[in-house]
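Have a look at the structure below, then the notes.
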There are 2 protein chains.
Amino acid sequence: MEPAGRPSPPSLTALRAFEAAARHGGYVAAARELNVTPAAIGTQVKGLEAWLGRPLFHRLPNGLVLTPEGRAVLPALSAAFDALNGAVRTMRAVGRPRELTLAALPCIAQLWLAPRLPGLQAAFDLDLAILTRDEQPDYARELVDLGLYFGAAAPAGCTAVVLARDDLFPVCAPVLAARLRRPADLGGATLLHDSVWREDWPRWLHAHGPGALRPAREATFSLYGIALDAAIAGSGVLIGHSALVGKLLAEGRLVAPFGERVVTGPPLRLIVPEGGDGRLAPVVRWLKGEGGPNSAVPHDSLEPEPVAATG
Amino acid sequence: MEPAGRPSPPSLTALRAFEAAARHGGYVAAARELNVTPAAIGTQVKGLEAWLGRPLFHRLPNGLVLTPEGRAVLPALSAAFDALNGAVRTMRAVGRPRELTLAALPCIAQLWLAPRLPGLQAAFDLDLAILTRDEQPDYARELVDLGLYFGAAAPAGCTAVVLARDDLFPVCAPVLAARLRRPADLGGATLLHDSVWREDWPRWLHAHGPGALRPAREATFSLYGIALDAAIAGSGVLIGHSALVGKLLAEGRLVAPFGERVVTGPPLRLIVPEGGDGRLAPVVRWLKGEGGPNSAVPHDSLEPEPVAATG
DNA sequence: GACGAAGGCCAAGAAAATCTTAGCCTGACC
DNA sequence: GGTCAGGCTAAGATTTTCTTGGCCTTCGTC
């Protein structure tokens with residue numbers, strides 16, 4: 001019953017499943033994007049191949065590779081779905097002009113964005129939806145108007161505005177700082193880690209630390225915000241991100257015992273999907289204005305120099 | 001459960017239903033295009049409006065009118081679906097390079113195309129699918145590679161090649177022709193009609209007929225091919241279309257009793273959707289070559305003049 | 001002014017598409 | 001050689017989508 005002859009088009013679901021699988025090079029990733037199981041993707045792709053009458057993927061033992069046919073149609077398909085998603089985006093923007101969806105790293109949402117939310121809402125009368133996600137969303141596919149992430153470059157199809165440079169340096173509660181005069185003193189302290197930023201301490205120590213450091217204790221937190229709370233509570237020393245801890249430093253709840261010794265990470269960027277509606281521009285401008293003054297880094301010497309993107 | 005907050009996109013089905021409804025300006029037409037019932041379209045559109053949070057159509061007593069929101073998003077949506085359909089078209093072309101789908105008016109399929117099919121298949125080794133439809137398909141939406149219709153102009157998004165001019169004139173079996181020396185003689189004959197070409201006789205009579213004609217009898221057929229069979233059988237006089245009856249005239253099975261008295265209708269055109277794959281070009285060329293010689297009109301005076309495409 | 005056709009709306013149930021679960025298989029990698 | 005990741009399949013469940021049938025309004029016709 002498969003070569004029915006009637007040129008009834010394949011289902012849109014199948015096309016979308018194939019497009020996602022082809023773009024990601026695998027069912028698992030495609031399934032994640034579409035919020036289904038890999039088996040569902042596989043079924044749809046198989047159906048599409050049946051409709052076509054020939055395979056779209058070579059099933060190699062270690063994964064999928066597009067056939068020439070598949071490779072030939074993927075660009076057009078992807079472009080079409082991008083257009084479709086763009087249409088949906090403008091549709092929502094037209095339908096709910098006051099709604100704005102922001103995606104951000106959880107810690108950015110908590111530490112950078114949250115304090116600025118009242119001001120943002122006061123300035124624009126917006127209904128804000130905050131989406132906290134560890135990975136940047138696919139702006140072409142998801143209904144996200146803006147993103148807030150650390151990154152060296154803008155994702156494809158987006159422009160990016162640097163909101164604040166990001167310098168990494170140890171921070172701790174004032175009571176602990178008294179005992180920390182030189183990096184070597186960290187040997188007697190508890191080092192606090194964030195699980196997704198495991199490299200923060202190694203990077204800083206590599207640049208500024210004593211040769212071999214064996215800290216007294218270590219603790220790892222799955223959320224940077226919690227780690228910061230622990231640091232404030234005096235539990236140990238955490239690597240602070242200047243873009244996020246500026247306010248806490250200004251308030252004196254945290255101090256930077258080795259203030260001038262920093263390493264520089266990718267800056268905090270505001271990601272603006274291209275082709276967005278005009279109502280975004282003032283918001284972008286406002287957020288950009290917020291970036292500078294309020295995220296004050298504690299070292300004047302670092303301020304004037306504009307940040308260059310690193311590979 | 002409708003304002004869920006999660007920006008999950010609307011279903012592709014709903015988008016497609018809305019797009020079709022907006023394009024056609026009504027659920028009924030959209031339902032026809034998508035092969036569902038109007039109620040299904042209505043449900044989907046309602047769901048999309050619920051997702052959006054505001055209506056896309058004004059429900060006026062006499063029909064639907066797009067709201068400003070709807071009007072704002074329609075172009076982008078239509079373009080996206082056009083792109084999607086284009087992608088599917090190239091997909092199928094890539095997957096089955098030997099397959100070609102031709103849409104044609106039933107009478108054209110029977111009288112013009114059928115005799116040429118063997119030659120076409122011999123020339124190109126194609127798997128042909130013939131789709132007979134009274135109305136031209138929407139080439140951007142349906143998997144149709146070529147169309148054969150009478151028409152004054154090419155549909156939007158298509159180019160057209162004139163295959164043959166179309167002149168209308170009475171035809172009948174030779175035995176009947178003896179009694180028809182002047183148009184006034186038609187008063188004693190049976191006039192054969194085609195139900196979709198009801199205007200053929202009036203048009204011809206208006207141009208060439210006697211003032212007031214009361215034919216002896218009339219008969220109407222729902223298919224032109226059947227009407228032609230009736231004419232061949234001597235049942236009456238039919239308006240012949242030069243593009244379709246050339247062969248029958250050449251064989252002598254029909255004659256044109258008032259040969260030089262014709263009215264000209266829209267020419268027979270080959271419709272070529274733009275953006276088609278390259279494999280179409282030779283087929284178009286072949287069909288164009290077929291148009292001239294084989295569709296011989298019975299009057300030499302008409303032959304030499306080449307037909308120019310009209311706007 | 002009654003009537004029928006056309007078009008849209010709705011609710012309930014049917015049908016179909018889609019998705020998940022669970023188990024199997026493969027090659028890759030330690 | 002065990003484990004893991006990724007793809008395949010079948011069967012059954014779930015969700016989405018569609019149809020049916022009835023109601024309502026308007027419009028054009030007689």
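The figures that follow rest on heavy atoms only: side chains count, while hydrogens, waters and symmetry mates do not. Letters A, B, ... are given to chains in the order of the sequence lines, protein chains preceding strands, and every chain is numbered from 1.
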Could you tell me whether [X] and [Y] have a side-chain N and a carboxylate O separated by less than 4.0 Å?
X      : Y      : value
A:E99  : A:R92  : yes
A:R133 : A:E142 : yes
A:D82  : A:R23  : no

For [X] and [N], give me the distance from atom [atom1] to atom [atom2], rounded to whole Å.
X     : N      : atom1 : atom2 : result
B:E49 : C:dC9  : CD    : C1'   : 12 Å
A:L66 : D:dG7  : CG    : C1'   : 15 Å
A:L60 : D:dA5  : CG    : P     : 20 Å
A:L15 : C:dA17 : CG    : P     : 15 Å

### Query
At under 4.0 Å between heavy atoms, what does B:L64 touch on the DNA or RNA strands: base, sugar-phosphate, or nothing?
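Sugar-phosphate only.
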
#### Entry: Within residues 32-44 of chain A: residues closer than 4.0 Å to DNA chain D (heavy atoms)
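Here the set is A:A39.
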
### Query
Nearest of C:dC19, D:dC18, C:dC9 to any side-chain atom of B:R59?
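Of the options given, the side chain of B:R59 lies nearest C:dC9.
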
### Message
For B:H241 and B:W197, take the angle between the two ring planes, folded into 0 to 90°, and tell me which bin it lands in: parallel under 30, tilted 30 to 60, perpendicular over 60.
### Response
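Answer is parallel, since the angle falls under 30°.
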
### Task
Examine C:dC9: is either OP1 or OP2 under 4.0 Å from a nitrogen or oxygen in the side chain of B:Y27? Give yes or no.
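Yes, B:Y27 has a side-chain N/O under 4.0 Å of OP1/OP2 on C:dC9.
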
### Query
Within the pair A:K46 and D:dG7, is there a side-chain N or O less than 4.0 Å away from OP1 or OP2?
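So the side-chain polar atoms of A:K46 never come under 4.0 Å of the phosphate oxygens OP1 or OP2 of D:dG7.
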
### Task
Using distance alone, with no hydrogens and no angle criterion, decide if A:E19 and A:S78 have a side-chain donor and acceptor under 3.5 Å apart.
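A donor-acceptor contact under 3.5 Å links the two side chains.
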
#### Entry: From B:E218, B:R198, B:E199, residue fulfilling side chain to side chain donor-acceptor pair (under 3.5 Å) relative to B:H193
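By the side chain to side chain donor-acceptor pair (under 3.5 Å) criterion, B:H193 pairs with just one of B:E218, B:R198, B:E199: B:E218.
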
